[in-house]
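Below: one structure, written as C-alpha cells.
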Amino acid sequence: MAQKPSTPKGTRDFGPGEMSRRNYIFSTIRQVFEKYGYQPIETPAMENLSSLLGKYGEEGDKLLFKILNSGDYLSKADGQLLEEKDSVKLSTQISEKGLRYDLTVPFARYVVQHRDEISFPFKRYQMQPVWRADRPQKGRYREFYQCDVDVIGSDSLLNEVDLIRMIDEVFENLQINVVVKLNNRKILSGIAQAIGAPEQMTEITVAMDKLDKIGEEPVYAELRERGISEASIEMLKPVLKLRGTSEERLQSLESLIGKTEEGAKGLEELRTILRYLNAFDLKAVLEIDQSLARGLNYYTGAIIEVKAADVQIGSICGGGRYDNLTGIFGMPGVSGVGVSFGADRIYDVLTELELYPETTGSFSQVLITNFGETEEPFALEVLRKLQHAGIAAELYPDPVKLKKQMKFANDKGIPFVLLIGEEERVSEQPTLKNMQTGEQTRTTVDELIRRIHQ
RNA sequence: GUGGAUGUAGCUCAGUUGGUUAGAGCACUGGAUUGUGGUUCCAGGGGUCGUGGGUUCAAGUCCCAUCUUCCACCCCA
C-alpha cells in the first residue's frame with residue numbers, strides 16, 4: 001500500500017462497467033445530433049497557446065494546462081525572467097502549446113483554417129475531452145468530456161430552435177427531467193443601459209447571475225462592491241424581483257427595458273424563439289431567466305442553460321450565440337450558435353437517479369468451458385459456429401478447475417455456459433447451462449444456437 | 001488561487017487519556033463438492049496505519065511539511 005499508483009488529481013479511470021454506461025450516454029447524444037443533420041469532427045487535444053490565451057478571460061487563462069516545450073527549453077528563456085521567478089512571463093517562453101479548454105474555440109479555429117472546404121451553414125458536433133486546471137469538486141473534474149453541437153454561418157433563430165429541440169430530445173431519451181433556462185445577452189445589455197450603467201454590464205451580470213444561489217441582498221452588496229452606483233442598483237431591483245410565467249416576465253421586461261435599442265432587440269429574439277417552440281411539444285420546462293449570464297464573454301445573443309430538475313449538480317448543458325467568434329482568428333462577421341452537453345455530469349445525474357437501462361455488463365452471451373487439449377478441437381468448432389451465427393462467445397483459455405470457470409462466467413454476467421467434456425465431445429452434444437435458472441440440457445449445436453437466440 | 005475537513009487490509013470502516021502481537025464486514029485463496037457458479041459451512045493469506053520529518057522510554061493516536069480525496073469561495077460542464 002506504500003506507493004499505490006494513481007491518476008493525476010481530478011482525473012479518473014473508467015472500467016468496463018462505467019464504459020458501457022458512458023457509451024450509452026454518448027450514443028444517445030450522438031443519435032440525436034445526427035438525426036438533426038450535424039456532422040462529427042475532431043480536433044487535437046493540444047492547441048497552440050496563442051489560439052487559447054485570452055479567449056476565456058483572465059480566470060480562464062489561469063485554468064489552462066500548458067505543455068512544456070520539448071528539448072532544452074530553458075536555454076531559450078530570458079535569464080532575467082528566470083532570475084525574477086516571473087512565472088507568467090516565463091511561461092510564454094518555455095511553453096507554446098496547451099490542452100484545449102473547451103471545444104468551441106478549437107471549432108472556431110477549425111472553421112477559419114478550413115473555410116475553403118466548408119459549405120455554410122456548417123453544422124458540426126464534437127465529443128472529446130477538455131482539460132481545466134481547476135480545483136476538483138463534486139461534478140467538477142480536471143479532465144471531462146463535452147459534447148458540442150454548433151451551427152456556424154447562419155443568423156437564423158431557427159438554429160436556436162433546433163438546439164433547444166435537440167436538448168429536449170436528448171434528455172427525454174435519457175429520462176432526465178430538465179429545466180431549460182433562456183436569456184439573451186442583448187437583454188442584459190439593455191438592462192445595463194436602462195439603469196444608466198452601460199459600461200458596467202459585465203460587473204452587473206456577474207453579480208446578477210448569483211441571484212439563485214445567494215439571494216437578493218447579497219447581490220446588492222456585491223454590486224456595491226463592484227462599484228455600481230446606488231441609483232443604478234435601485235433601478236435594477238425591479239429586474240431582479242421579476243417572477244412569474246415567461247409571458248409575465250417578458251411583459252415586465254418590456255416595460256423596463258423596451259425603450260433601449262438592445263433590450264428591445266433581445267426581447268424580440270426571445271419572443272420569436274418561444275413562438276417557434278410553441279409548435280413543438282417539448283417535454284422540458286422552458287424558463288425565462290433574466291439573471292442568467294454564464295461566464296463566457298463571447299456570447300452576443302441567446303444564452304441557454306440546462307439544469308437537472310431532480311439533482312443538484314450545476315448545469316449539465318449550456319451554450320448560446322456568438323456573433324463574431326471566428327473574428328479572433330481573422331474571419332469576422334460569421335455568426336454561430338451552439339450548446340455543450342457535459343457528459344460527466346450527466347453520468348453523475350444518471351447514477352444518482354439510477355436511470356441506467358439494464359444490461360448484463362458483458363458482451364459475451366456464452367462461455368465455453370475448457371477441459372483440456374482433447375476437447376479443444378470440438379470446443380473451437382462450436383465456438384466458430386456460435387460466432388458465425390452472430391452469438392458473442394468466448395472459450396475459457398486455460399483448462400483450470402471447472403469451479404473457477406463457472407465463477408468467471410458468473411462474475412462477468414455471462415448468461416450461458418457450454419460444458420464440453422469427454423462425453424459431450426464423443427456425442428457432439430454440448431451441455432448448455434442457463435446461469436440464471438441453473439437449468440441444464442444436452443443437445444446438438446444447431447439446437448442450442450436456436451435456444452440462445454430466443 | 002483562498003479557507004476547512006479527510007487518509008488504517010483490494011473495498012467500507014472500528015481502533016479508549018499515547019502503552020504488549022492493529023481489528024470487523026465484504027472481497028480474495030483453499031477445502032466440504034478430483035465435471036458445476038450464484039446460497040451455506042470450515043480454514044487461510046493479506047496492513048512499514050498516505051508520504052517525509054519531529055516530540056517521546058514508547059506514536060495509527062501529538063506537532064510540522066507534503067500529497068490525495070471531499071466541502072465552501074472564485075469560476076464553470
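All of these numbers come straight from a predicted model, not from anything done at the bench. Reminder, nothing fancy here: chain letters follow the sequence lines and each chain counts from 1.
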Do A:Phe33 and A:Phe341 make the cut of ring centroids closer than 6.0 angstrom? yes
Within the pair A:Lys210 and B:rC75, is there a side-chain N or O less than 4.0 Å away from OP1 or OP2? yes
Determine whether any donor atom in the side chain of A:Asn410 lies under 3.5 Å from an acceptor atom in the base of B:rG38, or the reverse, and answer yes or no. no
Any donor-acceptor pair under 3.5 Å linking the side-chain atoms of A:Ser335 with those of A:Arg321? yes
Any donor-acceptor pair under 3.5 Å from A:Ser340 side chain to A:Leu103 backbone: no
Rounded to whole Å, how long is the line connecting atom CD of A:Gln137 with atom P of B:rG3? 16 Å
Whole angstrom value for the distance that separates P of B:rC76 from NZ of A:Lys181: 15 Å
Tell me whether A:Lys283 is salt-bridged to A:Glu172, with the criterion being a basic N under 4.0 Å from an acidic carboxylate O. no
May I ask you to verify whether the side chain of A:Arg140 and the base of B:rC75 hold a donor-acceptor pair under 3.5 Å? yes
For B:rU68, take OP1 and OP2 only and decide whether either is under 4.0 Å from a side-chain N or O of A:Lys9. yes
Kindly say whether, by distance alone, the side chain of A:Arg12 makes a donor-acceptor pair under 3.5 Å with the base of B:rU69? no
Does A:Lys403 have a side-chain nitrogen or oxygen under 4.0 Å from the phosphate oxygens OP1 or OP2 of B:rU34? no
